[in-house]
Amino acid sequence: MRDESLVIDTHGLTKTFKGVEALRSLDLKVRRNSIFGFLGPNGAGKTTTIKLLLGLARPTSGSGTLFGHDIVRDSVEIRRRVGYLAQDPRYYDYMTARETLRFTARFFYAGPAPAVERRIAETLELVGLEDKSDRPIKGFSGGERQRLGIAQAQINQPDLLILDEPAASLDPMGRRDVLTIMERLREHTTIFYSTHILEDVQRVSDTVAILNHGRLVAHAPIQEILAGSGGSVYVLTLKGEASDAQARVVARPWVTNLQVVHQNGSTGWHVSVTDPAAAEAELLRLVLASEQVTVTEFGRKRYDLEEVFMEIVGGESHGR
Amino acid sequence: MAASPALELVHPAGWRTGFANILRKEFGSWWSTRRWLVHLVLWLVVINAFILLVALSSGGPKETPAKKFAEVVEVFFRVGGLWATIGAILCVQSSIVGERQMGTGAWILSKPASRTGFVLAKLVANGVSFLLLAVAIPTLVLHVETLAIFHRIPETSRFLGGLGVHVLHLVFYLTLTIMLGTLVASRGPVTGGAVGALFAGFLLPNWLPKAVTAATPWMLPQLSALFASDKAVPASSVAPILATAAWSVAFVIVALRRFDREEF
């Protein structure tokens, strides 16, 4: 039976171009109302996946559904409920932003004209293009085109918004604007977006998948990904003679490893544990039992997504 | 879907999905920009100004107004048969390829739009707009010209017959160019293929058996002039007309099938 909470569900989705596998047996599940970050280096297969989901390309093998509709057979039905922003969006230069949105809106709405115009005005306001709405697109900057791209993708208030590298070509201000719009939209829709800007993913996503060389190498909630694959690690920064404290900590059965790093006159410990609760209750006490030691920092290690990404993708590449 | 209650959703199914919207956009690219004006001026100059020159040029001592009138009508179809055909090819040469290269085709097809509707909208909007500007308006102006110079207009039923053959000739090249646009990825082969087919008509009929030539549109400019004249039309003229119509339909079918399998 179909899981109603799944918006995207693929099974063994594969795409081969002239004998080269761009996408290898992708099993992807995207839950309703999530902001799903689809990561991978250039050429990993992210855009190919998106094109397969939208019916712009046909899978070589495997299958997929969006809202339970087959991506090959029911593509038009799927596209009624989806908004899509391409990686390098192109529109008709002779049209203004408003005309572009009017053209887009007519794929979804038959009228009445005042209601359609109201929706267009709301969408222009959402992306901050209301003052440029009647200028030809020809003169738009990259950031303005991208905002128009989000507007046209959002015009039908889709159940699923697919954004392919929405912030890739933007300056920091443009990127911030796009992320703000995405955060605004998350209340109403599921957002599936591909990117290689990891900082953005860490900021807005709740679930992440990492694709490398056409293969899915990680797929989990962001917190799980950020917790890393090496178990729980606690970080302490110490001053003073700590050899006794080190011996006491290493002797604990829940401690699996203790790594010492010396930096700028202080000592850093990375303590890997099997029992986070025990570590949080006892670790600091064990160290402070030595009177010569001062602890300036203590906490559970927070992985940076970039670290995790490099570990996964780098490891994959070396393993190839 | 979270649509505002005031908005009515569109519900066309099958090939009509998105067709009307794309058609309107395609007509807009002609009539909401200066494109129509450029074509209007171009065809008035190429066809009607040229006809004016022919009409006002002095013929030999044996030339009568009736002969001159017949010559003007024939020139109309001959000029249209060549230059309007080249114009038609150039007009639609990038209608599919250009959309694919620009990425606008992928954008449109990411919306609820059928691929069949996409191709048909291109064909209908470009065909109708072009025929209006390069055939209908020059025809009206021709009538004004002949009325002003010869105080008469061509015989309506014969002229319409010639016009029908002329339009069929243009439709053949429009559909051929659209089809080539779905088969190849760049403009060069599209234009080269269609213009090549047109110019082959000046050379190949000299070498090919008549039966083969009868299965092509190459004799149509000649036939359209014949239809519009007061001369008898041979029964053998039916074959190229039917063949051209059949080719045009076949091109549309091939274009639709090929575009349906296109990947973006």
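Every chain is numbered from 1, with letters handed out A, B, ... down the list of sequences.
- Rounded to the nearest 0.5 Å, atoms CZ (Arg106(A)) and NZ (Lys25(B)) are 12.5 Å apart.
- For Trp15(B), the CH2 atom sits in a packed shell: over 12 heavy atoms of surrounding residues, nucleotides or ligands are nearer than 6.0 Å.
- Heavy-atom distances place no part of Phe67(A) under 4.5 Å from chain B, backbone and side chain included.
- The part of Thr33(B) that comes within reach of chain A is its side chain, from C-beta onward, which places non-hydrogen atoms under 4.5 angstrom from that chain.
- When every heavy atom of Pro112(B) is checked against every heavy atom of Arg80(A), the shortest pair comes out as CB-CG, 3.8 Å.
- Neither the backbone nor the side chain of Ser32(B) comes within less than 4.5 Å of any heavy atom of chain A.
- The greatest number of non-hydrogen atom pairs below 4.5 Å with chain A, out of Ser114(B), Ser29(B), Ala20(B), is found for Ser29(B).
- Within 6.0 Å of CZ in Phe27(B) there are more than 12 heavy atoms belonging to other residues, nucleotides or ligands.
- Heavy atoms of Ser110(B) lying under 4.5 Å from chain A belong to its backbone as well as its side chain.
- Using a 30° and 60° split on the angle between ring planes, Trp107(B) and Phe103(A) fall in the perpendicular class, above 60°.
- Per-residue heavy-atom pair counts under 4.5 Å with chain B were compared for Gly55(A), Gly83(A), Ala105(A), Ala110(A), and the maximum is reached by Ala110(A).
- Lys111(B) places a side-chain heavy atom less than 4.5 Å from the side chain of Phe108(A).
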Show me the side-chain donor-acceptor pairs of residues 84-91 of chain A shorter than 3.5 Å, one per line, residues at least two apart or across chains.
{"unit_1": "Gln87(A)", "atom_1": "OE1", "unit_2": "Thr47(A)", "atom_2": "OG1", "d": "3.3"}
{"unit_1": "Asp88(A)", "atom_1": "OD2", "unit_2": "Arg90(A)", "atom_2": "NH2", "d": "3.3"}

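- If you tally non-hydrogen atom pairs under 4.5 Å between each of His11(B), Arg115(B), Arg24(B), Glu262(B) and chain A, the highest count goes to Arg24(B).
- Scanning all heavy atoms of the two residues, the minimum distance from Ala6(B) to Pro112(A) falls at O-CD, 2.9 Å.
- With a 4.5 Å cut-off on non-hydrogen atoms, Glu99(B) touches chain A through its side chain but not through its backbone.
- Between Leu7(B) and Arg118(A) the shortest side-chain heavy-atom distance does not fall below 4.5 Å.
- Contact of the Val10(B) side chain with the Tyr109(A) side chain is not registered, since no non-hydrogen atoms from C-beta on lie closer than 4.5 Å.
- No donor-acceptor pair under 3.5 Å is formed between the side chain of Arg58(A) and the backbone N or O of Glu263(B).
- Looking at heavy atoms from C-beta onward, Phe107(A) lies out of side-chain contact with Thr17(B) at the 4.5 angstrom threshold.
- With a 6.0 Å radius and a threshold of 12 heavy atoms from other residues, nucleotides or ligands, Arg184(A) has its CZ atom above the threshold.
- For Glu99(A), no part lies near chain B; criterion is any non-hydrogen pair under 4.5 Å.
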